[in-house]
Amino acid sequence: MKRPLAYVAGTGRGIPAKVMTNHDFAALGIETSHDWIVERTGIVERHIAEPGETTAHMSAEAARTAMQRAGVTAGELDAIVLSTATPDRLLPSTAVDLQAMLGATRAAAFDLSAACSGFLYGMTIGEGMIATGVAETVLVIGAEKMSSIVDWQDRATCVLFGDGAGAAILRRTKGSGNQQRGILSTFMRSDGTLAELLWRPGGGAKQPFCQDVLDERSFYVKMAGREVFKSAVRSMAEACDRALDGAKLTGNDIDILIPHQANVRIIEATAKHASIPMDKVYVNVDRYGNTSSASIPIALDELVEQGTVREGTTALLVAFGAGFTWASMVIRF
Ligand code: UT7
């Protein structure tokens, strides 16, 4: 595919106001400590949505900012691709609620399930729709209300996650020449043989909601942390290599690395592998925890807002999550 075909015209984020610090777990009777969480993950606090603050609401806030920054009206959206592991309900999609909230009357809207890699999967789908002429303008969202699916009795997972949404508007790149802005390369992989290392075993079509599901708490997220950690380090390293190769670049050409924010130790290992110094790596896991597919677009929006990502910036985005899925992308802004 001759690139770039699509560029990021605007970004936004929707973050719940409520902040929960590591110290707040004591009040819930969770046996943990601020020191343990910081040392093992880098997380200091996370945002938690109130009951009425839905995945669609957070998405709408992110989308409105992204559309405003891009100078795009809701009526101009051809498609809404919403990545989430926490849809507001199972049928129909959260994306159609967002479509209705925005009044995006021309947009096809659907949810995408690729866990923490979902935003990069969504960006790749959006680029593909633009490449085939199906769309001119695509809204890509990563939105998660992780607080609704973590087991608040399981200290090994409940301290890790947070809520939020991030959005990007993708538009067709005009003109030609490889110095132009846009998506320069993409990479996606998955390995379903490892699905049970990070999953919600019950409550789906295979084992619909019943007393057993409730008793076993099998509708909550379960994770084999150490195994996931090792795979994340290995797969994010591969993903960096593949996106850099695809763009014919090296780590030296990258102005900013925007990794999925799950654990600062995974981020450091990824940066080291890609030969990107930590002063060129964006870390906000300390303030948000792991917001799954929202983490990269939230980080990107913060970088745009502070002016670190601006016209001419070359960024490497890389993610890993349940599935397992992993993905990467080089974008010139
Ligand atoms: O976004 C999708 C991808 N997800 C990830 O990338 C997460 C990957 N995994 C991780 O980030 C890390 O594995 C964790 C942060 C989840 C855990 O860190 P770890 O260094 O791998 O710790 P561990 O799971 O090996 O547990 C070490 C000890 C255990 O105690 P014992 O068996 O050594 O006595 C745990 O029971 O820490 C204990 N532990 C806790 N202690 C205090 C587990 N959770 C906690 C906690 N507070 N919250």
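Note that the structure is predicted; figures quoted are calculated from it, not measured. Throughout, numbering of the chain's residues begins at 1 and tracks the sequence. We count ligands from 1, going down the list as the structure has it; atoms in each ligand are counted the same way.
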Determine all donor-acceptor pairs shorter than 3.5 Å in which one atom belongs to a side chain in residues 100-114; sequence neighbours excluded.
residue, atom, partner, partner atom, Å
Arg106, NH1, Gly75, O, 3.0
Arg106, NH1, Asp78, OD1, 3.2
Arg106, NH2, Asp78, OD1, 2.7
Asp111, OD1, Thr94, N, 3.3
Asp111, OD1, Ala95, N, 2.8
Asp111, OD2, Thr94, N, 2.9

Can you name the ring-ring contact (aromatic ring centres under 6.0 Å, His included) partners of His23, sequence neighbours left out? His34
Close side-chain approach of Val213 to Gln207, heavy-atom, < 4.5 Å: yes
Which N/O atoms of ligand 1 sit under 3.5 Å from a protein N/O, and at what distances?
residue, atom, partner, partner atom, Å
ligand 1, 1 (O), His260, NE2, 2.9
ligand 1, 1 (O), Asn290, ND2, 2.6
ligand 1, 9 (N), Gly225, O, 3.1
ligand 1, 11 (O), Asn263, ND2, 2.7
ligand 1, 13 (O), Gly225, O, 3.1
ligand 1, 20 (O), Arg40, NH1, 2.9
ligand 1, 20 (O), Arg265, NH2, 3.2
ligand 1, 22 (O), Arg40, NH1, 3.2
ligand 1, 25 (O), Arg226, NE, 2.4
ligand 1, 25 (O), Arg226, NH2, 2.5
ligand 1, 36 (O), Arg155, NH2, 3.1
ligand 1, 37 (O), Trp36, NE1, 3.3
ligand 1, 41 (N), Trp36, NE1, 3.3
ligand 1, 47 (N), Thr32, OG1, 2.7
ligand 1, 48 (N), Thr32, OG1, 3.1
ligand 1, 48 (N), Arg155, O, 2.9

With Asp88, which residues qualify under salt bridge (Lys or Arg N to Asp or Glu O under 4.0 Å), at least two apart? none
Hey, can you tell me if Phe219 and Phe209 have their rings parallel, tilted or perpendicular (30° and 60° cut-offs)? tilted
Side chains of Arg287 and Val44, heavy atoms from C-beta outward: is any pair under 4.5 Å? no
